[in-house]
Each structure stands twice: as C-alpha cells, then as structure tokens.
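First comes the structure, then the notes that go with it.
The chains referred to below are lettered A, B, ... by the order of the sequence lines, with proteins before strands, and numbering in each begins at 1.
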Number of protein chains: 4
Amino acid sequence: MPKQVAPDASRRSQTARRAILAAAFDLVGEVGYAKLSIEGIAAAAGVGKQTIYRWWPSKGALLFDAFLALTTEGEDGQTGALPDTGDLAADLKLVLRATVVELNDPRYDQPMRALHTEIVHDPALAADYAKRLDEPMRELKKDRLRAAQRAGQLAEDIDLDVAVDMLFGPVLNRWLQRTGPLNSEYADQVVDTALRGLRPREP
Amino acid sequence: MPKQVAPDASRRSQTARRAILAAAFDLVGEVGYAKLSIEGIAAAAGVGKQTIYRWWPSKGALLFDAFLALTTEGEDGQTGALPDTGDLAADLKLVLRATVVELNDPRYDQPMRALHTEIVHDPALAADYAKRLDEPMRELKKDRLRAAQRAGQLAEDIDLDVAVDMLFGPVLNRWLQRTGPLNSEYADQVVDTALRGLRPREP
Amino acid sequence: MPKQVAPDASRRSQTARRAILAAAFDLVGEVGYAKLSIEGIAAAAGVGKQTIYRWWPSKGALLFDAFLALTTEGEDGQTGALPDTGDLAADLKLVLRATVVELNDPRYDQPMRALHTEIVHDPALAADYAKRLDEPMRELKKDRLRAAQRAGQLAEDIDLDVAVDMLFGPVLNRWLQRTGPLNSEYADQVVDTALRGLRPREP
Amino acid sequence: MPKQVAPDASRRSQTARRAILAAAFDLVGEVGYAKLSIEGIAAAAGVGKQTIYRWWPSKGALLFDAFLALTTEGEDGQTGALPDTGDLAADLKLVLRATVVELNDPRYDQPMRALHTEIVHDPALAADYAKRLDEPMRELKKDRLRAAQRAGQLAEDIDLDVAVDMLFGPVLNRWLQRTGPLNSEYADQVVDTALRGLRPREP
DNA sequence: TCGTAAGCGAGACGGTACGTCCTGTCTTACA
DNA sequence: TGTAAGACAGGACGTACCGTCTCGCTTACGA
C-alpha cells in the first residue's frame, strides 16, 4: 500500500534520472554529507525538486541508487568472482588491498561515508543495502572461501559469514573511525591473523 | 589556535553544562539523530542556544561529551579491567556478550548511532574519540590479551591491535549495518573463530 | 537593479499578501513599534518568514505597504478632493480638525509612528512615501489652495508647497513630539495664524 | 518610585559617564540608529554593560543625555539669545538658515534622527525632551518674537507657540521626511510666508 | 488527430532549524 | 559599593532547506 499514488514508471524520464544520480554522487563528494541537500541536487541536475521526491522516498535511498547505478551501469567488470590462484592468503590479500585502495580513493570517500550513515539510521535502507549490495559481494567472497575449503585450505566447520566479517569488518571499521592507518600492511596483517588464529601454534 | 575566542571556563555554569549533556543524550534517544537539533536540546535543557554554541564547536562534540559524561561521571565502576579467570575464550565471550547486550539496549541505540555518524564525518571528532574513548578501552582489552600471551594462550607475535579489531570489529559492524542478528551466539562464534583461525587444524 | 533576484510576481499568493499586511498593521498597533518583529508578523499571518522576506526588502517597506493597502483597497472614498464651500478658512479647519482626529485615533497611533520612524531612517522609503502617499494628498491640498487663489482668497505669489507645509507641518510635529495638546483649537489657531500672517494689520 | 533601587550617584564614575555619552554619540553617527546597541556602546566606551543599565533606563534616555552633554558641556556659546537687529525677518532668516545648516551637518544627522525616533515612541522621553531641550530654545525664540511685538513688528494677539511652530515646524518636517530640498531658500520662504500670511494684501 | 493526462522545470508556499547578535540580569574579581 | 568583564536565558534576526503545492510546458497514449 504505497502512501503516495504510484507514479507511472513507464513515462519516467531517464535523462532526469541519470542526471539526478550523477548530481547526487558528485555533490556529496564536493560538499560533503552534512551539506548535501535535495534542493542542491535538483539544481545541480537541472531538475525540479518534485522529480526527486516523486521517485525516491529519502535522501538515503537516492544515495543508494546513485551507488547502485555506478556499479551496475558502469564498466560492470566489477561483479566478477574473486581471484582464485590456489593460494588463499595471496588471493585474500589482493582483494583486501583493493578494498583499501578503493576506500582511500577521495572520489568515493564522501559518498561512501554518506551512504554508510544513511544505512546506520534507516533499517529499511539497511535491508535494501544488505540484499542488493552487501549480499552479492558477500556471496562472491563466500564462494572463494568455499573453494578454499574444497582445496583443504580452510577448515570445514567454519561459518563463512563469520569468516567474511572477520576479514572485511576490521578494514571497514578502521576506515570509518580512522582508528589507525589504513594501508596494505594492515590488510595483509588482517588476512594472516585471521587465517592463522590468535592461539599459539601447537608445538 | 581556537577559532572562537576562548570563553572563560572558570565562570562556566556547571548546572547548564550538565543539563545540556543530559538533554542531548535523552533527546537523541527520543527523536533520533535526524531530528536532533541544537534548538531542541537548548529548549529541553532550559538553556539559551548561545550557551551551547559557546562551549561546543559542533553537535558531534556535544554528543561526544554527553557520552563521556555518562561513562566518567556515572557509577564509574565501568573502567575496570577485563575479567581474567585464566580461560581466555570464556573471558572474551563474556565481554563480547556484554557488548552485544549494550548495543541492543534501546537506551543506547540512538545515541550511539548518532555519535558514530558524527565520528564518521568529522576527523577531528574521530581523533578525540580515538584518544578519549576508544584508546582506554582498547588498552584494557590489550592488557587482557597480553596476560593471555604470558599464560601461553595467545601467540607471541600477534599484533594486539589487529587482534582487538578482529574480535570487536565484526560485532560493531553487524550492529551498525544490521547485516544479521546480533546475539550471544554470534559473539561466541566470533571469539571461537578468531582464536582458532580459519585454517584447518594440522593433522 | 534589484538586490535580490526578482521573484515571479505572477505566482504571488494574494491570500498571503493580504494576511501579512493586515497582521503587520494589527500587530504594530498591539505591541508597538519597538516590539514589532517580522517573526511575529509571520506567525500572526500564518505565513512563513521567507514569504515576507521574498516580497519586502525591509520592515519599513512592509509597514508602508500595509498603509497603502489600507487607503487604497479600503472604502476608497478617501481619495476625494478637499471640501470647497467657498470659505477657505472654514474648509481648512475642517480638514485640519479631521487630521487631528485621525492622529488621535489609537488605532492609527502606533502604526503611523512606526511608519514615520522608518521613513526618517530610510531615504529610499522616504522617496517612496513622498511619491505614493504624501504627493497625492499634497496635490489635493494644493488644488484647494489654487481654487482659493482663483477666488481671490489667497495671494497669487504664494508658494503652495510652503503654504501646505505651514498648515500641516505644525500639527504633525505636535503629534510626533507631544510638545503640546493636539486638538481642534490648535488646528483652528494654525489655520487662522497661517492665513493672517504674523505681521500686525496695516492700520 | 524607581523600579530598581536607586544607585548612589555620588560614587558615580564621571570618566565612565563621559566615555559612554561620547561613545553613544559617535557610534550612532557611524552605524546608524538601527544598528546602535547598548553592547556596542559599552564596548566602544570600554565600559561594562551594567554601568549603562545602572544609570540610564533606556537607549533613548542615553541618547538624550548624549545630546544634552554636547550642548551643555560644549563651547556653550550656543545657549545665547536670538539676534535682535531690529529687523525681524532678517533675524529669523538668520536663525532658520543656521538651523538648516545644522540639520544638514552629517555629524548631527544620524544622532538627531535617532533621538527624534526615540522621542516619537517614548512619551516619558518626549516630556523630558520638551522640558529640557525644546522648552529653553522655544523660550529664546518667543523672547525674540515678544521683542518684535513690542517693536510693533508682530501682531499683539498672536499665540507665540503657534508662531514658533509655524516657523520651525516646516523645516524640521522637511528634514525628517525629505519631502524636498532643505536649504536657505526654503528657510527664507518660510519666514516670508509666515510673516506675511497667505491672504492677499488688502488693496 | 486531437484532447488529455502524465511527467517535467520552476519556484512559491508554510514551516523548522540554523548560527549570530543583542537584550537585560546576574555573578565574579578588582579598586 | 561602583566598576570591567562576561556568562546566562531568552528571543529576533535573515538564510537555507524541508516537503507540498501549483503553474505552464512538453510528450505520448487512447478515443
């Protein structure tokens, strides 16, 4: 039961939609999350405010779509599987280092922080995010881990979600909270520590 | 080099300060981060807006102080060391479960999310947070881990910061992003997995 | 060259405009000039502050419009010519007595003082006032004086502006500065003295 | 019945008093009436705000005192009688032209307009003004007119207050409302017209 | 083929909050 | 006790956006 009468999506102007998504992404990068306004996005996109309110329920949803559009409508080579050279540690380091590079890219810094904030405060958006962005990437990661299990490089009884959390969570946190330098050394350390575990080796 | 001329802290009204911190904490819990306004805090605290602007540079700094006041001026038993029964896994599970309970406490939910958001967008605040809230608690955790090293329950060559990140990061992330249920089972899983590592046991 | 980008007057809400003008006039009468605030007017008119700032450059301009609206959109019989019974002195006394009555009317007291103050401090507003309120009424007065000249009741070489100033100025001043009682006796005295002049009669 | 307990005037700091009066006069000239603030005056005078509130009940009263101080403690040659050369018209023109010059002096423009405004809105201040500034000067003017009556240059049955109003009122109004150029020509015209009257000369 | 109903750019509207400035009162420390 | 200094509760300033609304205008569909 949609609160507002559903607009006729078939007549939607794709020009306006793309301009809005691009403007939203660019603007949040320029002015930051705190000063990002619907009014500003509309002006930057050369669009009436109503056109934004008609199609997106919240600023967070718009931001989220801007992200989706970027990854979906982009070069789209991105969605490929994780590398599998047979060396699990090396492969994970490769991926985690790439994540670090992306998080440190100033073009993505503000937009990602903005999106993260909206997710933290909006459960509905969080669910959307979980399903449409986190889930697919998480599956790719779990696929790689499953392959490692088949190759005898990963314990059989490990909960793969926990494993993914333990590998990628620390990097995300360090980026969000700036509790320390975020670089490839850290990425490597996390992979090594996670794989080996904290316990001393049996003699 | 303070931007605004430093007010004379010796004349500061402690009554007003405490009323503001309490009002800020209470209000963010009631109305949520998005609708939290300086104006509202001032009104709730029975205080002029200028009194807030005089002493805090930003809403985030105020929120942060409200948190600090809570932990510092409260029952203050909080700052004690982590439990050390000799059983590292059990002790860590105890602490992580407590963390989970606290994160799930509705009284702290909105305030913590709000503070987190401000930290994510304000590097200066992040530094403050790192030094005055994260650092002390992190040291306590590292102390417990060091004790475990001395007891031969933890590898000697582990980076303790990475270890802490790997134990507490996943829990924080699951809470922030709601990517899954956050309960004691998850806490236990994280501890077990982190301690054991992802690799299969040597035969 | 308008300072602010000219808003589209064709879309202007006449409802809001009238509510604002009425509220301004009423409020200044109730609370007085010193406590008259844009905020208060907006609230009383049930209007956003921006709607006032959008259409009026200053409180004085608003007050002025409130006056204009009153005289223009009112019963509009007001703009008629001065009476001409053939007896100049009697006619002038009639008009000046009416002026005195109006100035003493508590409904107009505060608003007129407020408008006067704004005019005194704002040359642009003074020009507007001169052209759109003072000028038309001054012309009516001069018309009556011209008729008197034709009827041989007024010297031919009199500067009519000076004459008008000398008839109406003293009344206005006495009202503004409260330097003495303002009643019909005073009005009559002024007319008589102005007509006769200060010099002794030739024997 | 003073609202606040009367401060002990004997201990009053004359330094502070003079600094405040001077600062008030100077400031209103610089920033204008609308932006004149007690806070600004106190700062400019190097004085605490309380010192102003202690001794003056309102901004208008302070402004008024600033004026009084100027005329009283100044070169004080000002308070002398009006010139009496035997030629009434010439003498009045001299005085009225001097008035015009003073009103056109930019140093006095803002302060006088400010004082005028306060008087218009504050009956108590108006009474003070009438008694302590207007009255003395009015008496001097009436003295000159009385002398003219004795010399047979002015009708015996003229109300001198009305005469003064008719001579000086138009000039003051023209200055306040800027309804026309204020110069010596106008001064002369007023004097001539007032003396002669508006009626045609008897044949 | 021609209404006509939708999406659209534009922007006025009633509101809320911003961060600043000032008011008039109060408190502190000094002379 | 008067003073300089300035914190305080309060309130208005003028600005920026919110989300809703109404206006003409294109633009495509169905009668």
- prompt: Checking D:R113 side chain against C:V120 main chain: does a donor-acceptor pair fall under 3.5 Å?
  reply: yes
- line: Sorted by chain and residue number, the salt bridge (Lys or Arg N to Asp or Glu O under 4.0 Å) partners of D:R12 (sequence neighbours excluded) come out as none
- request: Enumerate the residues from residues 30-39 of chain A whose closest heavy atom to DNA chain F is under 4.0 Å, giving them by residue number; use none for an empty result.
  value: A:S37, A:I38, A:E39
- line: Separation of E:dG7 atom P from A:W56 atom CH2, nearest Å, is 14 Å
Under 3.5 Å, which donor-acceptor pairs link side chains of residues 23-34 of chain C to any protein atom two or more places apart or in another chain?
residue: C:Y33; atom: OH; partner: C:E118; partner atom: OE2; Å: 3.3

query: Whole-Å distance between F:dA16 C1' and C:Q50 CD?
result: 8 Å
statement: From CD1 of D:I41 across to C1' of F:dT3 the rounded distance in Å is 18 Å
query: If you find the nucleotide of DNA chain F closest to B:T51 and the one closest to D:G46, which residue's nucleotide is nearer the 5' end?
result: D:G46
task: Could you tell me the separation between the CH2 atom of B:W55 and the P atom of E:dT20, rounded to a whole number of Å?
output: 16 Å
statement: Taken to the nearest 0.5 Å, the spacing of D:I119 CD1 from C:L176 CG works out to 10.5 Å
Counting only pairs under 3.5 Å, give me each side-chain donor-acceptor contact of residues 39-50 of chain D, with atom names and distances, residues two or more places apart or in other chains.
residue: D:E39; atom: OE1; partner: D:K49; partner atom: NZ; Å: 3.1

statement: Rounded to whole Å, the CD-P distance (C:Q14 to F:dT22) equals 17 Å
D:D128: side chain to side chain donor-acceptor pair (under 3.5 Å) partners, not counting sequence neighbours: D:R132
Polar atom pairs between nucleotides 29-31 of chain F and protein, under 3.5 Å, N or O only, would you list them?
none

query: Roughly how many Å is it from OH in D:Y53 to C1' in F:dA5, rounded to a whole number?
result: 15 Å
statement: Which of E:dC8, F:dT20, F:dA4 is nearest the side chain of A:R12? It is E:dC8
field: Distance, nearest 0.5 Å, that separates CG of D:L70 from OH of D:Y108
entry: 5.0 Å
query: Atom CZ of A:R54 to atom P of F:dT22: distance rounded to whole Å?
result: 14 Å
task: Carefully, step by step, assess C:H116 and D:H116 under the rule side-chain hydrogen bond (donor to acceptor under 3.5 Å, both in side chains).
output: CA-CA 10 Å; C:H116 178 80; D:H116 178 81; 3.2 Å; yes
- prompt: Looking at the side chain of A:A16, which of E:dG7, E:dG9, F:dA7 is the nearest nucleotide?
  reply: E:dG9
field: Quiz item: D:K49 side-chain donor-acceptor pair to E:dG24 base, under 3.5 Å
entry: yes
query: If each of A:A9 and C:V47 is mapped to the nucleotide of DNA chain E with the nearest heavy atom, which maps nearer the 5' terminus, i.e. the 5' end?
result: A:A9
task: For A:I52 and F:dC18, give me the distance from atom CD1 to atom C1', rounded to whole Å.
output: 13 Å
- line: Here the gap from D:L125 atom CG to C:Q177 atom CD, rounded to the nearest 0.5 Å, amounts to 11.0 Å
